[in-house]
Amino acid sequence: MVQMTGSRILLKTRSLMPRLALMTAVVLALGAMLLIGTRDTVPTAQAVAIEVDSRDDDAHIADANFNGARDGAELASTGCGIGGTAAAPTGVCTLRAALYVASSNGDTADTIGFDSTLSGPILLGSGTGVGSLVLGPCIAATNCGTNNTFVDNTTIDGTTTGSDPKITVDCDAVVIGFTVTGASNTIRDLNIIDCGTAGILITGDAADGNKVLGNYIGTDTTGAAACVAANSNADGVQIAASADDNLIGTSTTADRNVISCNTVDGVRITGPGTSANVVENNYIGTDDTGAADRGNLSNGVFDDSSSNNNIVNNLISGNTFDGIHLHSSGGTITGNKIGTNATGLVALGNGGDGVELDGASGNTIGGTTVADRNLISGNAVGISLINASSGNVIEGNYIGTNVTGNVALGNTTQGVWDTSTTANIIRKNVISGNGTDGIRLDGTGSTTVQNNNIGIGADGSTPLGNTAMGVRIDTTSLTNVIGGSAAGSPGITGSSQGNIIAYNGGDGVRVVDAGSDFNSIRLNSMFLNIGLPISLVAVGSNGDILPPVVAAISFNAGSPATHTVAVTGDQPTHPSGTVADLYKADTQGEPKTYLGTAVFFNDGVIVTGSVTVCGLAAGDVVVAIATDPTANSSEVSVAGAPATVGNGTSTCLPLGLATATPTATNTPVDTNTPVITNTPVGTATSTVTLTPTITPTPTITPTPTITPTPTVTLTATATATATDTAVPTADMPTNTPTIPVTPPSTIGDVNKNGRVNAIDAQLILQAEAGFITLANPLNADVSQDGEVDSRDATLILQFVAGLIQSLPV
């Protein structure tokens, strides 16, 4: 993911080198002049303040003074009062003439302001001549004659009038308002209307570091009135032809532009090499309050440039087509409200998509922080990805809700529609309250959908269903992942990656097309959807894999008490290596709470597996979803065998003991002999050595296969060591070999692959059930009690989950 702090800065050596050469030439020339004694003839350029007191730019453009070589007399004839001079110049000073004066003053930080008595629009396109106002290289017969000087580092500041409504620049439908081809210029607090191509065009390789701040572009002078054709520009602002590092707005409210009512796009960024521009904190398509629709007639922001442009914290609503249409790479879209009003509580939708990625790759929409979150609601589609858009990340957004994440505003159709694309990531979003599906994958490959709330509010509890499916997979969509764990991986790895898919009007996940295969649907919490939790509609979808059968749930006495769940399937739909994720079901039999994962292995016809779980009570129902080694996931099993009455409640291990201050009620009895409970056979006598800071009294619960002298260490603020001696009886299993202690470096690595993971635990459970014989029993004795049993498997899973820090225990 790409994060942006402030504006992106690119060092552009292509424009730097010519300027270095020019500076060198100037230094040499000055040195030569000093040697010949002409120092007094060289004026020193200083920044100037220029005041505009005339709006007659259309007449002034034909002035002969703008067509010849510049000299002192010509400058005086403009009538532009320059700050610090006592003499009142003759004539009048138009905005065009002020730029002419600034261009003659070199690369200084000049400021152009406006006389407070100036009224009416500055007309650029009528009368005796027409022409754009140019900030950059001089253009013959337009702004500063033929000597090709630059207007750089100049500020046009409408705030100097101290009034609002703003100074209006009116192109009379003929020309571009401002053509910015130079660097580090600022256009501030103007009302720019009725311009062809764009109200402001920033273009060319030298047009870097310019700022457009606090303007109303395409509206009336107040920014409030309804749109009228006489005010509309084509594009509001256009950045083109390798112009870089320009700012359209900043985080400061006074710098916010209102860019609305234009006949094409509000902001258009276009052309190869145009990159690292920032569009920030503007109202694009609304009035100046952010409450009323003043949409641009195409898109709010259109970007088909090179790369790395950033659209940050804007309100982009009410536009005829898309809020943002992106056809570039490496950019970020963060913190925007797209399709709502400024409060984020009322829909003010764009007519097309909130965001459309069209052949766009490597972009980030949203991010990992609250500040990165986009609110995308009230549009036709929330976010669409089309035409081979790939490698994009959609993260942390509210799509279909209001700004709270718990009230539906909806997009008219899908929350996210991903079609004909690959390898996109959709994670940690709230995608709820939309008019059809939450997410639709349509001809999509290798897209990952994880950790989203789909059909439920940001709080994880408020019902906010999408009208149709939570997730729809259609039109030969392949190798997509809905939830956690890669294809065929066993164990609990990835359980935190699952989605919550609830309260939707159709199926939780529906695979529609016969050609849609290898779609993994794992570790999600699905409940209270109107349809099925998972529906494989077409014959052939996801390889026609059948759901497994929960064969039995058996209670395992001991401390802690657990359940072993046996799962069966058959060939060929459940080949060896298939995993079955087990869930505690909701009242509708949907897989609400993930319990664990069993691995199927083949005994000829039937494939079976089992896993030990905790957290079940009498009457709870367990269901399962199978996923084969090629990542095809099944529908959910028919309601499995419930945990029967009398089976008791299985409890999780009491790990992670909190530090507590000792009290009288927690003081061990004088004998320091703990009570041994849940011992199925025989009796055991335990000796416990307590240090003075121990607060709880440990309860030692040996499993049925314990042989003499295991050592258990519990860590709170100190350590208690308990030694149990259990006497075997004839009822205890006799087929478990006695295993000598093995070195700690290999403990738990049952398959000797150099790491300890859930597969090692599964191998132990299969060996205990008598299905396989362990090749490395020494490594499997994790508790170092001389036996290999389910306790060793449990300890491995605790180690993998980070609940214990080392093996052996």
Side-chain angles (χ1 to χ4, degrees), residues 385-386 388 414 416-424 426 436-449 454 468-489 499 501 504-524 526 529-550 567-581 583 589-591 597 599-600 602 605-607 609 623-638:
L385 301 95
I386 64 174
Q414 291 87 7
V416 178
W417 188 6
D418 188 351
T419 178
S420 303
T421 70
T422 57
N424 296 298
I426 305 168
T436 58
D437 307 314
I439 298 174
R440 179 172 178 174
L441 305 182
D442 198 351
T444 301
S446 301
T447 284
T448 300
V449 179
I454 304 173
M469 314 304 163
V471 179
R472 178 187 176 105
I473 302 174
D474 203 350
T475 318
T476 317
S477 292
L478 306 172
T479 66
N480 300 290
V481 175
I482 313 299
S485 289
S489 61
N499 305 282
I501 306 174
N504 297 288
D507 301 323
V509 179
R510 172 176 285 194
V511 184
V512 178
D513 180 65
S516 294
D517 289 319
F518 319 122
N519 296 291
S520 173
I521 308 166
R522 299 190 58 194
L523 309 181
N524 303 289
M526 303 182 189
N529 297 287
I530 299 300
L532 297 173
I534 299 174
S535 176
L536 307 182
V537 176
V539 175
S541 60
N542 258 17
D544 282 332
I545 183 172
L546 297 176
V549 175
V550 178
V567 192
T568 63
D570 55 28
Q571 294 280 26
T573 63
H574 299 127
S576 292
T578 298
V579 295
D581 298 317
Y583 304 82
E590 294 187 86
T597 297
V599 181
F600 285 155
N602 184 14
V605 178
I606 303 297
V607 288
V623 294
I625 300 168
T627 302
D628 69 21
T630 62
N632 291 300
S633 287
S634 73
E635 295 182 343
V636 178
S637 64
V638 176

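What you see below is based on every heavy atom in this structure, not just the backbone, and it leaves out hydrogens, waters and symmetry mates.
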Student: Of the non-hydrogen atoms in Pro591 and Tyr583, which two are nearest, and what is the gap between them?
Tutor: CB-CG, 3.4 Å
Student: CG of Leu523 to CD1 of Ile521: how many Å apart, nearest 0.5 Å?
Tutor: 12.0 Å
Student: Under a 3.5 Å cutoff, is there a donor and acceptor pairing between the side chains of Asp570 and Thr573?
Tutor: yes
Student: When you measure from the side chain of Asn499 to the backbone of Val449, do you find a donor-acceptor pair of N or O atoms at a distance under 3.5 Å?
Tutor: yes
Student: Rounded to the nearest 0.5 Å, what separation is found between the CD atom of Glu590 and the CD1 atom of Ile534?
Tutor: 10.0 Å
Student: List the atom of Leu536, the atom of Ile545, and the distance in Å for their closest heavy-atom pair.
Tutor: CD1-O, 3.9 Å
Student: Return each pair, listed once, that meets salt bridge (charged side-chain N to carboxylate O under 4.0 Å, His left out) where at least one residue sits in residues 504-516; pairs must be two or more places apart or across chains.
Tutor: Asp507-Arg510
Student: Can you list everything that forms a salt bridge (charged side-chain N to carboxylate O under 4.0 Å, His left out) with Asp442? Sequence neighbours excluded, please.
Tutor: Arg440
Student: Tell me, with the steps shown, if Ile454 and Val471 meet side-chain contact (heavy atoms from CB on, under 4.5 Å).
Tutor: CA-CA 8 Å; Ile454 304 173; Val471 179; 3.9 Å; yes
Student: For Pro629 and Ser576, work out which heavy atoms get closest and say how close.
Tutor: CG-O, 3.6 Å
Student: Could you tell me which residues satisfy side-chain hydrogen bond (donor to acceptor under 3.5 Å, both in side chains) with Asn632, sequence neighbours excluded, listed by chain and number?
Tutor: Asp628, Thr630
Student: If every non-hydrogen atom of His574 is compared with every non-hydrogen atom of Gln571, which pair is closest and at what distance?
Tutor: O-OE1, 3.6 Å
Student: What distance do Glu635 atom CD and Leu532 atom CG have between them, rounded to the nearest 0.5 Å?
Tutor: 6.0 Å
Student: Verify, without hydrogens or angle tests, whether Ser637 (side chain) and Ala624 (backbone) share a donor-acceptor contact under 3.5 angstrom.
Tutor: yes
Student: How close do Gly589 and Val636 get, counting heavy atoms only, and between which atoms?
Tutor: O-CG1, 4.1 Å
Student: To the nearest 0.5 Å, what is the distance between CG (Asn480) and OG1 (Thr447)?
Tutor: 5.5 Å
Student: So which atom in Asn542 and which in Asp517 form the shortest heavy-atom distance, rounded to 0.1 Å?
Tutor: N-OD1, 2.9 Å
Student: Spell out, as yes or no, whether a donor-acceptor pair under 3.5 Å connects the side chain of Ser477 to the backbone of Gly443.
Tutor: yes
Student: Just by distance, do the side chain of Asp437 and the backbone of Ala468 share a donor-acceptor pair under 3.5 Å?
Tutor: no
Student: I'd like to know if the side chain of Thr422 pairs up with that of Ser446 as donor and acceptor (distance under 3.5 Å, no hydrogens or angles considered).
Tutor: no
Student: List the steps, then state whether side-chain contact (heavy atoms from CB on, under 4.5 Å) holds for Ser634 with Leu546.
Tutor: CA-CA 6 Å; Ser634 73; Leu546 297 176; over 6 Å; no
